[in-house]
S.K.: 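Before anything else, here's the structure in question.
These numbers come from a predicted model, not from an experiment. All values below were derived from every heavy atom in this structure, side-chain atoms included, with hydrogens, water molecules and symmetry-related copies excluded.
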Amino acid sequence: MQKLLLKNIKNLVSVYEKAPITLKGKEMGKLPCIENAWLACDSGLIADYGSMDDFPGITNWKDLEVIDCSGKLVLPCFADSHTHIVYAGNREQEFVDRINGLSYEEVAKRGGGILNSAKNLRQTSEDDLFEQSKQRLIEIIKQGTGSVEIKSGYGLDLESELNMLRVIKRLKALNWIPVKATFLGAHALPQEFKTNKQGYIDLIINEMLPAIEKEKLADFIDVFCEKDYFTAEETKQILMAGKKHGLIGKVHAEQLSHTNGIKTAIECDAISADHLEFCNDADIALFTKSKTMPTILPGAAFFLNLPLPPARKMIDSGLAIAFASDYNPGSSPSGNMKLMMSLACIQYKLTPEEAFNAVTINSAYAMQLEKEVGCISNGKLANLIITKEISSYGYLPYAFGSELFDKIIINGEIWRL
Ligand code: NIG
Ligand code: FE
C-alpha cells in the first residue's frame, strides 16, 4: 500500500495524542488543531503528524505520494452512525403527497411509507439492490463520510431481511470504509401480520435472529419504538432477544410522539437512541446516567417538518450528543453530513466545533467505531477530507450548499470512484 504525505496543511483539524472515546458537554466545544501541519499515512493508517516547523524529513520513505495542501484544511472523515442506504427505488411521490397536505403518518396509513419500500424491495433482486446501494455508498464517500452504519428493515420477512443484510455484508466486503450492520426487522408491521403483531415479533425472535447469528450478518439490533409501530414493552422484548444473539441495541426513539423509547434503550444498554424529537427533561436526566449516545437526525426532522430535539439543552446538561444523516427514501433522502453539520448549527444552535464533534467522535462511538475513526490520531484509519482553499472549519457549516472538498482520502489513498 502506498505511503502518502500531506504537507503545508493550513489547518489539521481534530488532533489528539490520546483520542477521546466521546466528548461531553463543554468538551464538545473544543476542537484541537495544528496550523501549518503535515500528516503521513502508511498502510491505510495515520502514521504521524506534526507542525511543518519541525517536519522530520522524508529520506527513508520510498514510493511516497506527496500532496501539497497549501491553503487547505485536513479533517477526519465524517462518521455516519444511522443510515438506511440499502433500499430499492425512491419515494418521490410521497414527498409530493406530503407537500399537498398529507402527514408522514397519513402516507403510511395508506400503504405508503416503510411498507411501500418493502414492496419495492421484495420485487428487486439481491444483485440489483446491491448495485443501487453501492451507488449510494459511493455518493456519501464523495461527500466526506468515512464510516457508516446501515440498517435492514425494508424486507420485513425472513428472506428479504436476510437479503438486505447480505447486501450490507457485500458493501462491507468492498473494504472501502468501515460498515456496521444493523438488523431492523422491527421497523414496521408487514401486511401479512396486520392483525397478528405478536406473530411477527415471534418470527423476528425465533426465526430471523437465529438465521442472522448463523451467517454473522449483523452487529446491532434496532426497533422503531413508536405509536402504530412497536411499543416500549415490545421494543424491550426484541432488544433482549437480540442481546442473546450477540447484538447490541439501538432504538428509533421519540420521533413522532413520546413512547418511552429512550427509557427502554437505556434499560437495555443500547449503544444509541436516535431521533429524539419528543425527548423531555426526564429523558435528558436518564441519558446523563447512561452510556447510550443520544443521536439527532436533523435531515429527518427537516424533511418531515418535525419539532426539533432539545440538542442545546442536552449539551448544556453535560451530555455527549451525536448527529447522523438517517439517509433513507422516506424521511431523509440525503446522506450529506456537511449539510447535517449546517443544520446542527443553524437549527439546533450548536457551534461549528460542537457540530463537528457530533458528526465525528461522538457518532463514531454510536456505532462502536471509536477506536478506528473519529479524529486525527496515530493508528486511526487514514480516512480524511482535504478541503478546497477555505478560511476555516467554520466555513463548512456556513456555506451550507457549496461543495468544499478537494480530495477524499480513504485507507490512505486518494478516492477516485
Ligand atoms: O429513521 N423512523 C423510522 N424509520 C426511518 C424512516 C423510514 C422510512 O420512512 O422509510 C427513519 O426516519
Ligand atoms: Fe432511521
S.K.: Take atom NZ in K119; do more than 12 heavy atoms of anything else shown fall under 6.0 Å from it?
M.R.: no
S.K.: Do the non-hydrogen side-chain atoms of F287 and L276 ever get within less than 4.5 Å of each other?
M.R.: yes
S.K.: Quick one: are W415 and K142 in side-chain contact, heavy atoms under 4.5 Å?
M.R.: yes
S.K.: Would one find more than 12 heavy atoms of other residues, nucleotides or ligands at under 6.0 Å from atom NZ of K380?
M.R.: yes
S.K.: Just by distance, do the side chain of T259 and the backbone of C225 share a donor-acceptor pair under 3.5 Å?
M.R.: yes
S.K.: Using a strict 4.0 Å threshold on nitrogen-to-oxygen distance, state whether K10 and E389 make a salt bridge.
M.R.: no
S.K.: Nearest 0.5 Å, what's the CG-OG distance between L129 and S133?
M.R.: 4.5 Å
S.K.: Is atom CD of E35 surrounded by more than 12 heavy atoms (other residues, nucleotides or ligands) closer than 6.0 Å?
M.R.: no
S.K.: With sequence neighbours excluded, give me every side chain to side chain donor-acceptor pair (under 3.5 Å) pair touching residues 177-199.
M.R.: R122-E192, E149-T182, K197-E234, Q198-D202
S.K.: Over all heavy atoms of both residues, which pair between A188 and L115 is shortest? Give the atoms and the distance, please.
M.R.: CB-CD2, 4.3 Å
S.K.: List for me each residue that meets side-chain hydrogen bond (donor to acceptor under 3.5 Å, both in side chains) alongside S152, sequence neighbours excluded, and say none if there are none.
M.R.: E161
S.K.: Would a distance-only check, ignoring hydrogens and angles, find a side-chain to backbone donor-acceptor pair under 3.5 Å from S317 to K313?
M.R.: yes
S.K.: Dump the intermediate steps for side-chain hydrogen bond (donor to acceptor under 3.5 Å, both in side chains) on D326 and H82, then the final yes or no.
M.R.: CA-CA 5 Å; D326 196 18; H82 183 138; 2.9 Å; yes
S.K.: For residues C77 and T360, report the shortest heavy-atom separation together with the two atoms involved.
M.R.: O-CG2, 3.8 Å
S.K.: Without swapping roles, check the side chain of N357 against the backbone of K30 for a donor-acceptor pair under 3.5 Å.
M.R.: yes
S.K.: Are W176 and N411 packed together at the side-chain level, in the sense that at least one heavy-atom pair is separated by less than 4.5 angstrom?
M.R.: no
S.K.: With side-chain contact (heavy atoms from CB on, under 4.5 Å) as the test, would you mind laying out the steps for Y229 and H252 before giving the verdict?
M.R.: CA-CA 11 Å; Y229 292 84; H252 280 68; over 6 Å; no
S.K.: Checking the side chain of K338 only, and the main-chain atoms of F78 only, is there a donor and an acceptor separated by less than 3.5 Å?
M.R.: no
S.K.: Around atom CD1 of I21, are there more than 12 heavy atoms of other residues, nucleotides or ligands at under 6.0 Å?
M.R.: no
S.K.: Verify side-chain contact (heavy atoms from CB on, under 4.5 Å) between L217 and F183, making sure each step is shown before the conclusion.
M.R.: CA-CA 8 Å; L217 287 174; F183 168 53; over 6 Å; no
S.K.: So, D97 and R110, do they make that salt bridge, N to O below 4.0 Å?
M.R.: no
S.K.: Ignoring hydrogens and geometry, is there a side-chain-to-backbone donor-acceptor pair from N11 to V13 under 3.5 Å?
M.R.: no
S.K.: Apply salt bridge (charged side-chain N to carboxylate O under 4.0 Å, His left out) to R170 and E126, showing your working.
M.R.: CA-CA 10 Å; R170 286 170 69 182; E126 192 193 304; 3.1 Å; yes
S.K.: For a quick test of reading the model, state the closest non-hydrogen atom pair linking I376 to L75 and the distance between them.
M.R.: CD1-C, 4.2 Å
S.K.: Would H275 and L306 satisfy side-chain contact (heavy atoms from CB on, under 4.5 Å), going step by step from the backbone distance to the final call?
M.R.: CA-CA 10 Å; H275 279 293; L306 298 174; 5.8 Å; no
S.K.: Closest approach of S147 and L369, non-hydrogen atoms and distance?
M.R.: CB-CD1, 3.8 Å
S.K.: Please report the shortest heavy-atom distance between K151 and L184, naming the atom on each side.
M.R.: CD-CD2, 3.8 Å
S.K.: Can you tell me how the ring of Y200 sits relative to the ring of F193, calling it parallel under 30°, perpendicular over 60° and tilted otherwise?
M.R.: tilted
S.K.: Please work out which of the three classes, parallel, tilted or perpendicular, describes the rings of Y154 and H84, given edges at 30° and 60°.
M.R.: tilted
S.K.: Under the side-chain contact (heavy atoms from CB on, under 4.5 Å) rule, collect the residues that match up with H258, sequence neighbours excluded.
M.R.: E254, N260, F278, N280, D283
S.K.: For E215, does its backbone N or O pair with a side-chain atom of K169 as donor and acceptor, under 3.5 Å?
M.R.: yes
S.K.: For the CZ atom on F400, are there more than 12 heavy atoms of other groups (residues, nucleotides or ligands in this structure) within a distance under 6.0 Å?
M.R.: no
S.K.: Rounded to the nearest 0.5 Å, what separates atom OG1 in T145 from atom CD1 in I140?
M.R.: 4.5 Å
S.K.: Is E372 reaching over with its side chain to a backbone N or O of L381, donor-acceptor style, under 3.5 angstrom?
M.R.: no
S.K.: Does any N or O in the side chain of Q143 come within less than 3.5 Å of the main-chain N or O of M337, such that one atom is a donor and the other an acceptor?
M.R.: no
S.K.: Which of parallel (below 30°), tilted (30 to 60°) and perpendicular (above 60°) describes Y87 and Y327?
M.R.: perpendicular
S.K.: Take S125 and D127, measure what side-chain hydrogen bond (donor to acceptor under 3.5 Å, both in side chains) needs, and give me the verdict at the end.
M.R.: CA-CA 5 Å; S125 71; D127 281 346; 5.7 Å; no
S.K.: How long is the straight-line distance from CD1 of I321 back to OG1 of T22, given to the nearest 0.5 Å?
M.R.: 12.0 Å
S.K.: Nearest 0.5 Å please: distance from the OG1 atom of T292 over to the NZ atom of K250.
M.R.: 10.5 Å
S.K.: Take the angle between the ring planes of F303 and F95 and call it parallel below 30°, perpendicular above 60°, tilted in between.
M.R.: parallel
S.K.: What are the two closest heavy atoms between I296 and A311, and how far apart are they?
M.R.: CD1-CB, 3.5 Å
S.K.: Any chance you could measure N383, atom CG, to E413, atom CD, to the nearest 0.5 Å?
M.R.: 11.0 Å
S.K.: In terms of heavy-atom contacts, does NZ of K172 have more than 12 from other residues, nucleotides or ligands at under 6.0 Å?
M.R.: yes
S.K.: Do the side chain of S272 and the main chain of M293 share a donor and acceptor less than 3.5 angstrom apart?
M.R.: no
S.K.: Heavy-atom distance under 4.5 Å between the side chains of I385 and I408, does that happen here?
M.R.: yes
S.K.: Are there over 12 heavy-atom neighbours, none belonging to K388, within less than 6.0 Å of that residue's NZ?
M.R.: yes
S.K.: Could you walk me through whether S334 and N336 pass the side-chain hydrogen bond (donor to acceptor under 3.5 Å, both in side chains) test, one step at a time?
M.R.: CA-CA 6 Å; S334 168; N336 187 328; 5.3 Å; no
S.K.: Please step through side-chain hydrogen bond (donor to acceptor under 3.5 Å, both in side chains) for the pair N116 and E94, ending with a clear verdict.
M.R.: CA-CA 10 Å; N116 187 3; E94 293 179 11; 2.8 Å; yes
S.K.: Hey, what do you get for CD (Q255) to CZ (F224), rounding to the nearest 0.5 Å?
M.R.: 4.5 Å
S.K.: Using modelled atom types and a 3.5 Å cut-off, is there a donor and acceptor pairing between side-chain atoms of T387 and backbone atoms of L73?
M.R.: yes
S.K.: For C33 and Y393, what are the C-alpha separation, side-chain angles and deciding distance, and is it a side-chain contact (heavy atoms from CB on, under 4.5 Å)?
M.R.: CA-CA 10 Å; C33 298; Y393 56 70; 3.8 Å; yes
S.K.: With the side chain counted from C-beta on, respond yes when D80 and M340 share a heavy-atom pair under 4.5 Å apart, and no when they do not.
M.R.: no
S.K.: Of R312, K349, K26, E27, which meets side-chain contact (heavy atoms from CB on, under 4.5 Å) against E354?
M.R.: R312
